[in-house]
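A quick note: this is a predicted structure, and the numbers were derived from the prediction, not measured.
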Amino acid sequence: TTGIIMARENQSVVTEFIFQGLSSQPRTQTVLFTVFLVFYLFTIFGNIMIITVIRADCQLQAPMYFFLANLSFLDICYVSSNIPQMLVNLFTKKRTISFSGCAAQMYFSLAFGMTECVLLGVMAYDRYMAICHPLLYTTVMNRKVCIHMVMASWTSSLLSSMVINSLTLQLPFCGPDILNHYFCEVPAVLALACADTALMELVIFIFSILIVFIPFLLIITSYAHILFAVLKIQSAHVQSKAFSTCGSHLTVVTIFYGTAICMYMNPKSRPPQDRDKVVAVFYTIVAPMLNPLIYSLRNKDVKRALRRAMNRPKSLF
């Protein structure tokens, strides 16, 4: 028994991780710092703008905009869990993070990502009810139900992330300590464990099915019903409005789920590749950045609300 304890103590030597990052070239790092700083600021201000407009405009109080405001808040949290650390690493050339700091970043980034998966599924169901069952929509999707759906999205994801991270951190990490990523993500950290990770890979796969794949199936099913319902409508104007309403959601879903499924539903027995880091950029940085742009440009109600908000100060003088 003493020998086993001593062996474990000798293994537990990793106290911090070193990020390999997206590039080791100084010029490229400068360019990446500028690009991702712009992305981060655009994401923060764009999503704050959407939240502010939805809260201030009485015509944007439908369930769809309640979910959109929650998605915007979630995206602010999501990008703030990984981009600031990456910007510090690029700007100061200090690429280390403590073990506890890595554990915290891993937990929150995974929790926010899972919440987005579930919330996008909820938003698809909302559009299904609005278009396929308009007479029941206000009854079924009342304020209380919407709040419960959002709370369930957050609670299930926070608990799922806690389980995955708890099991991951129980593994021994005895070196190497170089993380082939730009932030602490479970698959990249798992690759550094000094033990068999087959069980953890199975756990991640199961949670990926529950939190990623099942909401994705809900989205596909919802939009299949929506497509059939819209095609039965004779009015071209109504068809155009319905497709426009759902088009923004489908754009976000394609970018986010396409890349997330590639990362989390692939075998993890191999070491992380540079391709994985590029894929991660899309669902951790690009998708949250595009949300304000997509929902403001493709949604006529949001565009009208933005115009009203910009015209209000003029009316005061």
Side-chain angles (χ1 to χ4, degrees), residues 16-22 32 36-37 39-41 43-44 47 70-90 95-120 153-169 171 173 179-193 200-201 203-205 207-208 210-212 215 252 255-266 268 272 275-291:
E16 64 179 18
F17 292 106
I18 302 171
F19 292 112
Q20 193 168 0
L22 291 168
L32 289 175
F36 288 124
L37 177 61
F39 281 9
Y40 181 62
L41 294 176
T43 303
I44 297 297
N47 282 298
N70 277 276
L71 179 66
S72 294
F73 172 73
L74 175 61
D75 282 335
I76 292 172
C77 296
Y78 194 22
V79 296
S80 297
S81 69
N82 54 69
I83 294 185
Q85 176 71 53
M86 180 178 63
L87 293 176
V88 169
N89 295 340
L90 289 170
R95 292 170 172 249
T96 60
I97 185 171
S98 66
F99 190 90
S100 58
C102 184
Q105 186 181 61
M106 192 165 57
Y107 171 74
F108 285 110
S109 62
L110 182 61
F112 295 143
M114 285 180 159
T115 306
E116 183 140 347
C117 288
V118 181
L119 190 57
L120 288 174
S153 301
W154 280 93
T155 304
S156 61
S157 302
L158 290 170
L159 292 176
S160 298
S161 181
M162 185 181 297
V163 171
I164 292 174
N165 280 271
S166 298
L167 293 175
T168 300
L169 296 175
L171 295 170
F173 293 91
L179 200 64
N180 189 16
H181 216 312
Y182 59 88
F183 76 105
C184 287
E185 190 172 29
V186 173
V189 174
L190 204 61
L192 299 183
M200 268 309 303
E201 290 168 20
V203 170
I204 292 173
F205 185 76
F207 275 98
S208 297
L210 295 174
I211 303 294
V212 180
V252 174
I255 296 171
F256 186 78
Y257 273 97
T259 52
I261 288 174
C262 284
M263 176 66 75
Y264 281 92
M265 298 198 74
N266 272 340
K268 293 299 161 196
R275 177 188 67 88
D276 295 338
K277 291 185 284 188
V278 175
V279 169
V281 166
F282 280 92
Y283 61 81
T284 60
I285 299 174
V286 176
M289 181 201 67
L290 290 179
N291 280 349

Sorted by chain and number, sequence neighbours left out, ring pair (Phe, Tyr, Trp, His ring centres under 6.0 Å) with Phe99 holds for Phe17, Phe173
Side chain to side chain donor-acceptor pair (under 3.5 Å) filter on Glu116, not counting sequence neighbours, yields none
Sequence neighbours excluded, the answer for side chain to side chain donor-acceptor pair (under 3.5 Å) partners of Ser166 is none
Is a side-chain donor or acceptor of [X] paired with a backbone partner of [Y] at a separation under 3.5 angstrom?
{"X": "Tyr257", "Y": "Cys117", "answer": "yes"}
{"X": "Tyr182", "Y": "Val281", "answer": "yes"}
{"X": "Ser161", "Y": "Ser157", "answer": "no"}
{"X": "Lys277", "Y": "Asn180", "answer": "no"}

Side chains of Met162 and Leu158 in contact at under 4.5 Å (non-hydrogen atoms):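 No. Closest side-chain heavy atoms not under 4.5 Å.
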Review point. Quick one: does Leu87's side chain get under 4.5 Å of Phe36's, heavy atoms only?
Key: yes
Please list every donor-acceptor pair under 3.5 Å in which a side-chain atom of residues 70-80 meets a protein atom from a residue at least two apart or in another chain.
from	atom 1	to	atom 2	distance (Å)
Asn70	ND2	Phe66	O	2.8
Ser72	OG	Asn47	OD1	3.2
Ser72	OG	Leu68	O	3.2
Asp75	OD2	Asn291	ND2	2.3
Ser80	OG	Tyr40	OH	3.0
Ser80	OG	Ile76	O	2.7

**OP:** With sequence neighbours left out, write down each residue that passes disulfide (SG to SG under 2.5 Å) with Cys102, or none if nothing qualifies.
**Re:**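 Per chain and number, Cys102 pairs via disulfide (SG to SG under 2.5 Å) with Cys184.
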For Leu210, the side-chain contact (heavy atoms from CB on, under 4.5 Å) test, sequence neighbours excluded, returns Ile206, Ile214
CE of Met200 to CG of Leu171, rounded to nearest 0.5 Å, is 6.5 Å
Worked verdict on Tyr107 versus Phe112 for side-chain contact (heavy atoms from CB on, under 4.5 Å)
CA-CA 9 Å; Tyr107 171 74; Phe112 295 143; over 6 Å; no
Enclosure of Phe108 CZ (heavy-atom neighbours >12, cutoff 6.0 Å):
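Counting other residues, nucleotides and ligands, CZ of Phe108 stays at 12 neighbours or fewer.
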